[in-house]
Amino acid sequence: MAEIDFRNKINWRRRYRSPQGVKTEREILRIFESDRGRIINSPAIRRLQQKTQVFPLERNAAVRTRLTHSLEVQQVGRYIAKEILSRLKELTLLETYGLDELTGPFESIVEMACLMHDIGNPPFGHFGEAAINDWFHQRLAPEDALGQPLSDDRCEVAVLRLHEGEDGLNALRRKVRQDLSHFEGNAQGIRLVHTLMRMNLTWAQVGCILKYTRPAWWVGSPPASHSYLMKKPGYYFSEEAYVARLRKELNLDTYSRFPLTWIMEAADDISYCVADLEDAVEKRIFTAEQLYQHLYDAWGAHEKGSLFAQVVENAWDKSRVNSMRRSAEDQFFMYLRVNTLNKLVPYAAQRFIDNLPQIFSGEFNHALLEDDSGFSQLLELYKNVAIKHVFSHPDVEQLELQGYRVISGLLDIYRPLLQLSLADFTELVEKERLRRFPIASRLFHKLSTRHRLAYVEAVSKLSPDSAEYPVLEYYHRCRLIQDYISGMTDLYSWDEYRRLMAVE
């Protein structure tokens, strides 16, 4: 087992214009303060205020958005980080692990990763992801005209063979089709930070948001040793070289995870499990009394002094002291959050410390709050009640289906840009308007300048004489459309769909 020294993980250098030489503790802290400023002032963070947490198109400001959720995750992440550092200090292990001069950056990296963890999410959350993936999966099949540059002359079965005589060009076609059909918010977050917004964050800060280590083009089951770490796509083909460099800078083996990412993940799990239930009460899906009964029934055996009694029943009993109904409801959630945090945060911190050798190497194939303990059972209780009584509620399902239709409809509207030939689209990019393509020209004008520039930069690095050029150009063109639509807020995508469908 390699020696645990966080000075080899908390890499304060950047890809571009990286500060050189040995840095003092104060100078390193200033570098991570610069990261904080870049993140907090980024438009990707501001857009979270109009993106769904659970309830799409919600106008009640008391109900959480992705931004308010991310702020709560940030606070919980800070709490866990401080708890870990405090316990390591008591064990006199800070210096042993190279953390004695890096406690500030340790906390800052976790906090900012928590704030950023949802920046890649499309409108309407997971239903937005599903809409993008279904649309591209259905239209990039080898026989579909939309995906001509990604097609070949052989049948699909032959194309999907990975190792049976598949030539390089067809292997590339298969790879990018798979990649484009696996849009994922976490992978889009990496793309936003590096390719689209060029935030030039430190290697450690970016490493902390690489939650999953599976490439989006992966086919088949991941290795058992990394089954959890690779359960979802974590980055795209377009960022493959960047992630390879990231691993090198952070001393991470292939498909391994950055150590502090486990803290960010635990903070997210703790935050949303109670928040989703509180929002459901705010939306009047059920009352606080009904929620308590749902939790009570789902827990099962009730023993005196159980974790349920210490957390949920304790919160309920304390909230009953106040006879005013609305105040009692607020009090219940306040105590429920406090009790939950006071149990789960110390446990997550201790799990981090107990498994530090595997976590430091990036090989710990579990979440911190995923085991056979009562603490994990409490977290599952909240999640299961939300799945059964919140996410399956007719109002929520209707909004999700509307969101799916909006994203699918927008992709249909922008389809003409993907149906242009390579020569025609190249000319359109150069001239920005072609009289013979009035619809495509107007659609192209609507695309974000940032996204168009990212496409131009990516294509400019390709060799036009290469046999791979048409495939790779088309790949980046598809990414251009995905970037634009996934970057919309819920309300903007809803309004844009209505405008372009002429239903106003």
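By convention here, the first residue in the shown sequence is residue 1.
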Where do R139 and D412 land on the salt bridge (charged side-chain N to carboxylate O under 4.0 Å, His left out) test, with the steps shown first? CA-CA 10 Å; R139 291 164 180 80; D412 285 337; 3.7 Å; yes

Chi angles and distances behind the ring pair (Phe, Tyr, Trp, His ring centres under 6.0 Å) call for W494, F124: CA-CA 10 Å; W494 176 266; F124 306 103; 7.1 Å; no

side-chain contact (heavy atoms from CB on, under 4.5 Å) between I132 and S486: does it pass, once the steps are laid out? CA-CA 8 Å; I132 293 171; S486 70; 4.2 Å; yes

Determine, step by step, whether D483 and R450 satisfy the salt bridge (charged side-chain N to carboxylate O under 4.0 Å, His left out) criterion, reporting the C-alpha distance in whole Å, the side-chain angles of both residues, the deciding distance to 0.1 Å, and the verdict. CA-CA 10 Å; D483 290 339; R450 177 184 290 114; over 6 Å; no

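The side-chain tip of R257 points at the ring of W262 from less than 6.0 angstrom away and within 45° of straight on.
In this structure E397 satisfies the side-chain contact (heavy atoms from CB on, under 4.5 Å) test together with S392, E400, sequence neighbours excluded. With sequence neighbours left out, N186 forms a side-chain hydrogen bond (donor to acceptor under 3.5 Å, both in side chains) with E184. Remark: E239 engages R191, T195 in a side-chain hydrogen bond (donor to acceptor under 3.5 Å, both in side chains) (not counting sequence neighbours). S256 is linked by a side-chain hydrogen bond (donor to acceptor under 3.5 Å, both in side chains) to E363, counting only residues two or more places apart in sequence or in another chain. For the side-chain hydrogen bond (donor to acceptor under 3.5 Å, both in side chains) test, no residue two or more places apart in sequence or in another chain qualifies with R405.
Within 6.0 Å of NZ on K23 lie more than 12 heavy atoms contributed by other residues, nucleotides or ligands. For CZ of R435, the number of neighbouring non-hydrogen atoms (other residues, nucleotides, ligands) closer than 6.0 Å is 12 at most.
No donor-acceptor distance shorter than 3.5 angstrom exists from the side chain of D179 to the backbone of Y236, with no hydrogens or angles considered. Side chain of T68 to backbone of T65: a donor-acceptor contact under 3.5 angstrom is found. A distance-only check finds no donor-acceptor pair linking the side chain of K211 to the backbone of C208 [under 3.5 Å]. Listed for the N133 side chain is a donor-acceptor partner under 3.5 Å among the backbone atoms of F183. Here the side chain of Q49 pairs a donor or acceptor atom with the backbone of R46 at under 3.5 angstrom. Panel note: side chain N384, backbone E380; a donor-acceptor pair is recorded below 3.5 Å. No side-chain donor-acceptor contact under 3.5 Å links R14 to the backbone of M199. Formation of a donor-acceptor pair under 3.5 Å by the S227 side chain with backbone atoms of A224 is found in this model. A donor-acceptor pair under 3.5 Å is absent between the side-chain atoms of H226 and the main chain of P223, judged by distance alone. Under the 3.5 Å distance criterion, the side-chain polar atoms of K9 are matched with a main-chain donor or acceptor of L250.
Annotation: side chain of L422 is not in contact with side chain of P149 (no heavy-atom distance under 4.5 Å). Side-chain contact between Y255 and R214 is absent, with no heavy-atom pair separated by less than 4.5 Å.
Pairs passing the ring pair (Phe, Tyr, Trp, His ring centres under 6.0 Å) check and including a residue from residues 385-422, sequence neighbours excluded, read H294-H389, Y414-Y484.
Comment: D395 does not engage K283 in a salt bridge, judged by the lack of any side-chain N to carboxylate O separation of less than 4.0 angstrom. Under 4.0 Å is where a charged nitrogen must lie from a carboxylate oxygen, and between E457 and R452 no such pair does. A salt bridge links E278 to R337: one of the charged nitrogens lies within less than 4.0 Å of a carboxylate oxygen. A salt bridge links R499 to E496: one of the charged nitrogens lies within less than 4.0 Å of a carboxylate oxygen. Between E329 and R284, at least one side-chain nitrogen of the basic residue sits less than 4.0 Å from a carboxylate oxygen of the acidic one, meeting the salt-bridge criterion.
Checked by atom type, the side-chain pair D134/S408 shows no donor-acceptor distance below 3.5 Å. Side-chain atoms of R15 and H194 include a donor-acceptor pair closer than 3.5 Å. Side-chain polar atoms of S271 and D268 form no donor-acceptor pair below 3.5 angstrom. W12 and D35 are not linked by any side-chain donor-acceptor pair at a separation below 3.5 angstrom, with hydrogens and angles left out of the test. Checking E473 against Y455 by side-chain atom types alone, a donor-acceptor pair falls below 3.5 Å. With 3.5 Å as the limit, one finds a donor-acceptor pair spanning the side chains of E129 and H126. Inspection of the R36 and S108 side chains reveals an N or O donor paired with an N or O acceptor under 3.5 Å.
Using cut-offs of 30° and 60° on the angle between ring planes, the pair F425 and F444 is perpendicular.
In this structure, SG on C478 lies 8.0 Å from CD1 on I481, to the nearest 0.5 angstrom. Of the inter-residue distances, the one linking L420 atom CG with R415 atom CZ reads 12.5 Å to the nearest 0.5 angstrom.
Taking the ring centroids of Y475 and F237, they lie under the 6.0 Å cut-off. Ring-centre distance between Y242 and W203: below the 6.0 Å cut-off.
When each of K51, R47, R66 is paired with D118, the salt bridge (Lys or Arg N to Asp or Glu O under 4.0 Å) condition holds for R66 and for no other.
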